[in-house]
Every structure is written in structure tokens, then in C-alpha cells.
Amino acid sequence: PSSKSTLKKLNAKLPEGVLQHRLALPSEDCDIMHLNTYDPVSLLSCMLKDAPALQHAYDRAFAKHPCSFQTPWDMVIIFDELAPGNKLHYDNRRKLMLMSLSFLQLEETLRVDDSWLTVLAARASIVGDVCGGFGTVFAKYIEAIASTPESTLTAGAFVTVNNAPRWLVA
């Protein structure tokens, strides 16, 4: 799904309660451009509601690695590139840059795609227009999620796992 209309439709189908962060980014031509990203806590909460296997994985992780301000979880962030269509085509304008995150305490579950929260999907051409590229996008995203009161990076947050509230701090 990499056309503008498809991406807009996907955003419209987001479960209720998923918060978005709108990043203001400097462009190469000294203008300001915007990218929408998703809040990891609200996205995780929505994913856990409909994924019993993921709830079980988080339940095991919380049992093995209790989470608190003294023992926060370790956030892992990955970047990936998705190129729909012909992989050998030199000028693939539909190529997407993805940023996903998860937690090291999930251990072997990290091998499963569903354990990763994709918080950003943007056309590579758009990211390429940002002054500083993906490094700037990453820094602005961390700033955005660390500056909200409900952020797992600053205050921690409750997520529901198997009908029990669990405190998540990263």
C-alpha cells in the first residue's frame, strides 16, 4: 500500500484511541514539512486488544522482567525499507521507509512480525527531502514521544494484558 490514497485510507481505518504525532521537519529547501507518526503506547494498547498470542508474549515478558522506574524495559527501534513492485527498478517512487519499535524483554517473540509496532511509514522520497534525512526524522520522533505526559519514555503507562493492567516504562 504505497499510493497516497491507500495510505490515507489506512490512516482512516486506525482503531479508535491510536494517538498520532505530527512531526514538523526542516526540508532541504528551507521549508517546513510534516509527517504523521503513531504513539507507541496507544498503538500497543490497540494491538493487544485483538491479539491473544501477543498478550501471552507480553504476559511472559512481564513475569520474567518486571517493569518499573528502577527497571525500565529496553526499547528497540529498527528502520526498514519496503519497495513494492520491481525490486530491480532503479527509480522506485513507491519505496517506503518504515520505523518500528518493540522491547528487548520480549526476547524470542521479537522474531515475530506482530511484535513490532510500526510507528512511521513514509515515502523514501519524502524522507530524502528532510534536511538530515532519516536521522532527523528519528530525533524528532523521540522528542515527540518523550514530551507527552503519557509517554513510556518519560512517565510510563498502563497497558492491559490478559485483562490485567501492567505498568510499562521504557
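Numbers here are sequence positions counted from 1. Keep in mind the model is a prediction, meaning the values are calculated, not measured.
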Does atom CG of D113 have more than 12 heavy-atom neighbours, drawn from other residues, nucleotides or ligands, at distances under 6.0 Å?
-> no

Hey, does the side chain of T118 reach the backbone of L120 with a donor-acceptor pair shorter than 3.5 angstrom?
-> no

Once you round to the nearest 0.5 Å, how far does CE of M47 lie from NZ of K49?
-> 13.0 Å

Is the W73-F62 ring centre distance short of 6.0 angstrom?
-> yes

What donor-acceptor contacts under 3.5 angstrom involve side-chain atoms of residues 162-170, with partners at least two apart or in another chain?
from : atom 1 : to  : atom 2 : distance (Å)
N162 : ND2    : D59 : OD2    : 3.0
R166 : NH2    : D59 : OD1    : 2.5

What are the two closest non-hydrogen atoms of L35 and A122, and how far apart are they?
-> CD2-CB, 3.9 Å

R60 side chain near Q55 side chain, heavy-atom distance below 4.5 Å | no

Can you tell me how far NE2 of H21 sits from CD1 of I145, rounded to the nearest 0.5 angstrom?
-> 6.5 Å

Shortest non-hydrogen contact between I32 and S27, atoms and distance = N-OG, 4.4 Å

Distance-only, no hydrogens or angles: does the S115 side chain make a donor-acceptor pair with backbone N or O of S102 under 3.5 Å?
-> no

ring-ring contact (aromatic ring centres under 6.0 Å, His included) contacts in which one or both residues fall within residues 121-140, not counting sequence neighbours = F79-F134, F79-F138

Do side-chain atoms of Q105 reach the backbone of D74 as a donor and acceptor pair under 3.5 angstrom?
-> yes

Should T37 and V137 count as side-chain neighbours, where that means a heavy-atom distance under 4.5 Å?
-> no

Rounded to the nearest 0.5 Å, how far does CG of L23 lie from CG of N36?
-> 8.0 Å

